[in-house]
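Scroll down for the structure; my scribbles are underneath it.
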Amino acid sequence: MPLSVRNSPLTCLPLTISHISANVTTSPFIDVKNLSEICGISEISSLIQAIIYQKKMDGIREGNWQKTELSKVLQERTEKNINGYTVCSVSVSQGVINQIEYLGRSFAAKETSHYNIVKYGDIVYTKSPTGDFPYGIVKRSYIKNAVAVSPLYGVYKPINDNIGVFLHFYFMQSNNAFNYLHPLIQKGAKNTINITNARFLENSIPLPKTEDEVVYIANALTSIQTKIDLEKSLLCSYEKEKQYLLRQMFI
């Protein structure tokens, strides 16, 4: 059941871009940090977590969800970067992203033919601790073209795109990532994470029993993410306008 922003949970959100544009006075003294609150970005992000949690708890209670091993919905992609695709990084906030654009320069080896290929819709597991994710992050690639990532990362093809979208948002929550990965991980010397690509698939998460519900949730969460992206774009525009006005004051 496809969802649009109009009939998704976004309709309960009071703030929109037009609302913000009409109620924020552009000034070089705008506190851009506070703009993230004005735009409602944190509130919308919390909505994603709330929907997943509520749907999961309701589904388990009503028997509409069941524990499913990830090996049933993901298959490891083993293709190597023999064609010299662009090398990408994977971050908590940006997901799969061009390494030079994100970090300012390349950190890849001179020879990248042994790097793993990631195609649109694939799931990537980084195996490296960062912030609230002590066992690494799990992200879906939204890049349309094939790219390359570190050979240390695990890359997986979902059985269908809606499952991939669902997993992307499910593992966006640090507690979901921790609870899934903790039983699988062995910590090595210097606190390194020891887990094989195959081992990553050996735990289970609750998933809807019907494809229709997976599609419904995936579409709803995608609509919300689109809303977040729009608000972030607006925030960036205000930041650029602020910098421009500040420069004009000292000409």
Side-chain angles (χ1 to χ4, degrees), residues 42 44-60 65-77 88-97 102 116 118-143 147 149-150 152-187 193-208 213-226 228-229:
S42 60
I44 304 172
S45 299
S46 297
L47 184 58
I48 290 178
Q49 299 181 30
I51 289 175
I52 292 177
Y53 177 80
Q54 193 61 54
K55 294 293 289 183
K56 178 177 69 174
M57 298 308 295
D58 290 346
I60 292 172
W65 287 40
Q66 63 185 3
K67 284 276 192 176
T68 304
E69 191 171 281
L70 280 198
S71 62
K72 303 294 184 184
V73 296
L74 293 178
Q75 179 181 9
E76 184 182 357
R77 186 181 294 281
C88 286
S89 294
V90 184
S91 79
V92 173
S93 60
Q94 302 293 325
V96 181
I97 185 171
Y102 179 60
N116 294 327
V118 179
K119 295 186 177 180
Y120 175 76
D122 282 353
I123 296 294
V124 183
Y125 169 48
T126 63
K127 305 183 188 178
S128 54
T130 177
D132 294 332
F133 297 82
Y135 298 127
I137 56 177
V138 179
K139 296 291 182 179
R140 174 183 183 268
S141 177
Y142 285 87
I143 299 176
V147 297
V149 295
S150 166
L152 300 177
Y153 295 174
V155 181
Y156 307 91
K157 179 182 178 181
I159 57 171
N160 61 60
D161 197 49
N162 291 307
I163 283 290
V165 172
F166 179 93
L167 294 176
H168 173 82
F169 287 109
Y170 183 86
F171 285 115
M172 187 183 290
Q173 300 178 55
S174 58
N175 61 319
N176 285 343
F178 180 89
N179 291 337
Y180 178 83
L181 293 166
H182 180 69
L184 302 175
I185 298 292
Q186 289 185 337
K187 285 292 189 76
I193 293 175
N194 293 328
I195 180 172
T196 65
N197 292 344
R199 177 69 171 159
F200 171 76
L201 300 175
E202 293 178 1
N203 203 355
S204 301
I205 65 169
L207 286 175
E213 185 166 9
V214 174
V215 172
Y216 181 88
I217 295 172
N219 284 334
L221 298 181
T222 298
S223 294
I224 297 170
Q225 186 62 54
T226 300
I228 293 172
D229 293 341

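Every value quoted in this text rests on a predicted model; they were computed, and no experiment measured them.
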State the [atom1]-[atom2] distance between [X] and [Y], to the nearest 0.5 angstrom.
X: L184; Y: T196; atom1: CG; atom2: OG1; result: 9.0 Å
X: S71; Y: Y156; atom1: OG; atom2: OH; result: 11.0 Å
X: Y142; Y: Y120; atom1: OH; atom2: OH; result: 7.5 Å
X: N203; Y: N179; atom1: CG; atom2: CG; result: 9.5 Å

Please list every donor-acceptor pair under 3.5 Å in which a side-chain atom of residues 160-171 meets a protein atom from a residue at least two apart or in another chain.
| residue | atom | partner | partner atom | Å |
| --- | --- | --- | --- | --- |
| N160 | OD1 | N162 | N | 3.1 |
| N160 | OD1 | I163 | N | 2.9 |
| D161 | OD1 | R140 | NH2 | 2.7 |
| D161 | OD2 | R140 | NH2 | 3.0 |
| H168 | ND1 | R140 | N | 2.9 |

If you look at every heavy atom in [X] and [Y], which pair is closest and at what distance?
X: A177; Y: F133; answer: CB-CD2, 3.8 Å
X: G136; Y: I193; answer: N-CD1, 4.4 Å
X: Y102; Y: S91; answer: OH-CB, 3.2 Å

Practice prompt. Check whether more than 12 heavy atoms from other residues, nucleotides or ligands sit under 6.0 Å from atom NZ of K56, and answer yes or no.
Written response: yes
Worksheet entry | Atom OH of Y53 with >12 non-hydrogen neighbours under 6.0 angstrom | no
According to salt bridge (charged side-chain N to carboxylate O under 4.0 Å, His left out), who are the partners of [X], at least two apart in sequence or on a separate chain?
X: K55; answer: E213
X: D58; answer: R61
X: E76; answer: none

Item to complete: Quick one: do C88 and V118 satisfy side chain to side chain contact (heavy atoms under 4.5 Å, CB included)? Show the steps, please.
Response: CA-CA 9 Å; C88 286; V118 179; over 6 Å; no
Worksheet item: With respect to D122, which candidate in K139, K157, R77 satisfies the salt bridge (charged side-chain N to carboxylate O under 4.0 Å, His left out) definition?
Response: R77
What pairs with [X] under side-chain contact (heavy atoms from CB on, under 4.5 Å), at least two apart in sequence or on another chain?
X: K72; answer: T68, E69
X: K127; answer: Y125, I195, N197
X: S128; answer: T126
X: Q173; answer: Q49, I52, N175, N176

Worksheet entry | For E202, side chain to side chain donor-acceptor pair (under 3.5 Å) partners two or more places apart | R199
Worksheet item: Could you walk me through whether I48 and I228 pass the side chain to side chain contact (heavy atoms under 4.5 Å, CB included) check?
Response: CA-CA 10 Å; I48 290 178; I228 293 172; 3.9 Å; yes
Item to complete: Evaluate side chain to side chain contact (heavy atoms under 4.5 Å, CB included) for I51 paired with I224, printing each intermediate quantity in order.
Response: CA-CA 10 Å; I51 289 175; I224 297 170; 3.4 Å; yes
Discussion item. Checking V214 against L207 for the side chain to side chain contact (heavy atoms under 4.5 Å, CB included) test, could you report, in this order, the C-alpha distance in whole Å, the side-chain angles of both residues, the deciding distance, and whether it holds?
Written reply: CA-CA 8 Å; V214 174; L207 286 175; 5.8 Å; no
Worksheet item: Any donor-acceptor pair under 3.5 Å linking the side chain of Y180 with the backbone of F200?
Response: yes
